[in-house]
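No experiment lies behind these values; they were computed from the predicted model shown. A note on names: the letters A, B, ... follow the listed sequences, proteins ahead of strands, and every chain is numbered from 1.
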Amino acid sequence: MGVKIGEEVGYTIRFEDQTNPSVTVIKFLTDGVLIREMMDDPLLTKYSVIMVDEAHERSLSTDMLLGLLKKIQRRRPELRIIISSATIEAKSMSTFFQARKKDLRHAAEDSVPSHLPAVLSVEGKGYTVEIHYVEEPVPDYLQAAVGTVLSINDKEPAGDILVFLTGQDDIDAAVKLLREDTQDDRRRTSGLLVLPLYSGLSRVDQDLVFAPTPKGKRKVVISTNIAETSLTLEGVVYVVDSGFSKQRFYNPISDIESLVVTPISKASARQRAGRAGRIQPGKCFRLYTEEYFLKEMPTEGIPEMQRSNLVSCVIQLKALGIDNILGFDWLASPPPEAMVRALEVLYSLGILDEDAKLTSPIGYQVAEIPLDPMISKMILSACNFGCSEEIITIAAVLSVQSIWVSMWGAQKEFDEVKLRFAAAEGDHVTYLNVYKGFLNSGKSSQWCYKNYLNYQAMKKVVDVREQLSRLLRRLGLALKSCEKDTQILRKAIIAGFFANSCHLEEYSHNGLYKTVRSSEEVYIHPSSVLFRVNPKWVVYHSLVSTNKHYMRNVIAIDPSWLIEAAPHFYQVRTPNLAPC
DNA sequence: CTCTCCCT
């Protein structure tokens, strides 16, 4: 359009506002930012047209936003809403936004949208992709994927290959197999450049997949879902689709989130295939039968709303003045159990009162902080305990994926390096040591590299920490350091995470813990500094469920601190503690 | 003895 970014056309993301309110007429932003903007401007009066892109992804915030926009439109019939979605399911979207008869009765004539939602279809600009299926179901998609790559390399003309598997384990195994094959049988694979791709890789390793393919080589990228939508690889002509991805599921009864290898939807399968047609006509090899695709594969995935913990979602709606959360107009209703659980958790944290209204000041302050409510509660308590300087560092580290780079070779070295930072109290205090070291190094990327730290992640920690310190100042809360008093630090953590306490099973030789609240069997994650240390009592930040239930980010505590922090949640029962 | 992926 020939304009400078940040003037007529701008964008806003978490740490960057490239707009100029007096000049900008088109603004790109994430759905989460727009929901945040609603807290100051509930009817989004700044905007006359709102376009929601990628609505088919059905992320938590997209679903929330669509429900909120529908509500806004009743008050602002002149607001134009455009929803763009890559699936054929436009009808359900259109029905959702169609004013219902009972709404019409209560609304004045002129406040009804003057047109029913129109459905427009726009042709994709990709090249055609020829789809191939297997004749018979494959017993092992990893082996099948490796075999398919080799046969493409044998039979098909030049062009890079993108393989979709489910996770780091799968991917590292496939990379290894293909690289070994290169050595065993020069003729078949001599031209292959095999690269893994997943979000845990360091930036340097991720960048390798974007480098142009050397002459005479064929690039094979073995990837998670990250290459399905988040990253785009040019030069891909062949896609191999395993038909699976890892998905998160939340059980509101046990309050545990699990990562499960799940069959993908037809929508995902199409998206994956489309990745082969960006520069020329391509081919997609699906490692499942055509019959399976047509008859058994679900059309759409399950919206995130229906398989997530909803505490963040509930508090945001509360902050927007939506009192009847259960009666909110959802595009897809979340399970009532998950709603009830979220309300319970927020109540136990003192964020909602008996009438499920935000408490003052805690509830309102928590809603202002753009983090998980348990973390926000931890921060607010730290302000009272006088350790907010340290706690916001911890909060920032906990809000990035992982500050360590994933190491597939040098495990032993890695563990040794980690010991330099390890604190007996646990991971949270260890993170403080890492952060201190990073600052002392002058925020050096070299230093990160030497210490197996992810430099990008550390930079993000600094950004998040700065945002939090600005926010606390704005809320009129004190930034104070507790120096070396890690007891007070742990008490502040417990103020947010008292519900996540576990004790080591007596006579347990393999590190078996049970959660205090529901006696679930859990273990300390091998990435924790307390792995194999196994203190008697711990509090964890989150559970990840794969083969076992693993606690990630763990601190050792004294059980009396639990009763001190949450007498309403725990009551003393000799000789141990029990939930009430 | 291990971590799909976005996002405020």
Side-chain angles (χ1 to χ4, degrees), chain A residues 12-17 29-39 54 57-65 164-173 197-201 223-231 242 244-249 257-264 268 271 301 304 307-308 311-313 315-316 319-320 366-373 375-376 395-396 399-408 411-412 414-415 418 454 457 460 463-464 467-468 471 510-511 523-532 534 541-553:
Chain A
T12 307
I13 52 176
R14 183 170 187 174
F15 296 112
E16 243 186 302
D17 185 9
L29 38 59
T30 49
D31 37 17
V33 172
L34 190 59
I35 292 172
R36 285 268 151 204
E37 285 190 5
M38 289 177 71
M39 293 189 181
E54 312 277 8
E57 284 183 21
R58 302 300 301 276
S59 71
L60 209 57
S61 45
T62 299
D63 270 25
M64 265 174 76
L65 181 62
F164 286 102
L165 295 182
T166 64
Q168 190 178 332
D169 262 8
D170 275 4
I171 291 169
D172 288 344
L197 177 62
Y198 41 82
S199 78
L201 288 177
S223 172
T224 59
N225 256 356
I226 195 169
E228 192 178 305
T229 47
S230 314
L231 296 179
S242 65
F244 290 95
S245 72
K246 277 195 187 169
Q247 276 198 43
R248 189 184 47 215
F249 287 90
E257 287 185 328
S258 323
L259 272 180
V260 187
V261 174
T262 315
I264 61 168
S268 281
Q271 179 77 23
E304 213 181 352
R307 46 185 180 83
S308 301
V311 278
S312 292
C313 173
I315 193 160
Q316 288 195 61
L320 291 170
V366 165
E368 285 277 317
I369 303 175
L371 297 171
D372 179 285
I375 295 204
S376 308
S399 70
V400 307
Q401 301 232 25
S402 169
I403 56 169
W404 309 105
V405 290
S406 62
M407 294 298 307
W408 33 274
Q411 189 55 51
K412 221 175 156 189
F414 181 40
D415 286 342
K418 237 187 198 171
N454 184 330
K460 199 177 160 193
D463 282 346
V464 174
Q467 186 193 26
L468 291 174
L471 189 59
N510 60 346
Y523 296 84
I524 294 180
H525 196 279
S527 66
S528 168
V529 296
L530 293 183
F531 178 64
R532 278 204 284 249
N534 296 331
H541 171 250
S542 64
L543 278 182
V544 60
S545 241
T546 48
N547 299 322
K548 293 174 179 172
H549 296 321
Y550 284 110
M551 301 180 263
R552 292 168 76 185
N553 299 314

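Closest contact between the side chain of A:Ser230 and the listed nucleotides B:dT8, B:dC6, B:dT2 involves B:dC6. When each of B:dT8, B:dC5, B:dT2 is scored by its nearest atom to the side-chain atoms of A:Tyr198, the top-ranked nucleotide is B:dC5. Of the listed nucleotides (B:dC5, B:dC1, B:dT8), B:dC1 has the atom at the smallest distance from the side chain of A:Phe531. Of the candidate nucleotides B:dC5, B:dC1, B:dT2, B:dC1 has the atom nearest to the side chain of A:Arg532. If you check B:dC7, B:dC5, B:dT4 against the side chain of A:Ser199, the one that comes closest is B:dC5. Side chain of A:Ile226, nearest nucleotide from B:dC3, B:dT8, B:dC6: B:dC6.
Rounding to the nearest 0.5 Å gives a distance of 9.0 Å between OG of A:Ser223 and CD of A:Glu228.
Between A:Ser402 and A:Ile369, the one whose closest nucleotide on DNA chain B sits nearer the 5' end is A:Ser402.
OP1 or OP2 of B:dC5 lies within a sub-4.0 Å distance of a side-chain N or O belonging to A:Thr224. Not one side-chain nitrogen or oxygen of A:Ser245 sits closer than 4.0 Å to the OP1 or OP2 atom of B:dT4. Considering only side-chain N and O atoms, A:Gln401 lies nowhere under 4.0 angstrom from the phosphate OP1 or OP2 of B:dT4.
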Show your reasoning for whether side chain to side chain donor-acceptor pair (under 3.5 Å) applies to A:Asp172 and A:Tyr198. CA-CA 10 Å; A:Asp172 288 344; A:Tyr198 41 82; 3.1 Å; yes

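Rounded to whole Å, atom C1' of B:dC6 lies 13 Å from atom CD1 of A:Ile35. Between the NZ atom of A:Lys246 and the C1' atom of B:dC3 there is a distance of 7 Å, given to the nearest Å. Taking atom CZ of residue A:Arg248 and atom P of nucleotide B:dT4, one finds them 13 Å apart after rounding to whole Å. Look at CG on A:Leu65: it is 13 Å from C1' on B:dC7, rounded to the nearest Å. In this structure, the CD atom of A:Gln271 is 14 Å from the P atom of B:dC6, given to the nearest Å. In this entry the distance linking CE of A:Met551 with P of B:dT2 reads 15 Å, nearest Å. In this entry the distance linking CG of A:Asp169 with P of B:dT4 reads 7 Å, nearest Å. Between A:Ile13 atom CD1 and B:dC7 atom C1' there is a gap of 11 Å when expressed in whole angstrom units.
Using a 4.0 Å heavy-atom criterion, one finds that A:Val33 contacts the sugar-phosphate atoms exclusively. Within 4.0 Å of A:Thr30, counting heavy atoms only, lie sugar-phosphate atoms of the nucleic acid but no base atom. At a threshold of 4.0 angstrom between heavy atoms, the contacts of A:Thr262 with the nucleic acid are absent. Using a 4.0 Å heavy-atom cutoff across all strands shown, A:Ser61 reaches no nucleic acid atom at all.
Side chains of A:Thr62 and A:Glu54: a donor-acceptor N/O pair is absent below 3.5 angstrom, by distance only.
In this structure, the side chains of A:Gln467 and A:Asp463 stay at 4.5 Å or more apart for every pair of heavy atoms. The side-chain heavy atoms of A:Asn225 and A:Ser268, taken from C-beta on, include no pair separated by under 4.5 Å. By the 4.5 Å heavy-atom criterion applied to side chains, A:Phe244 and A:Asp170 are not counted as neighbours.
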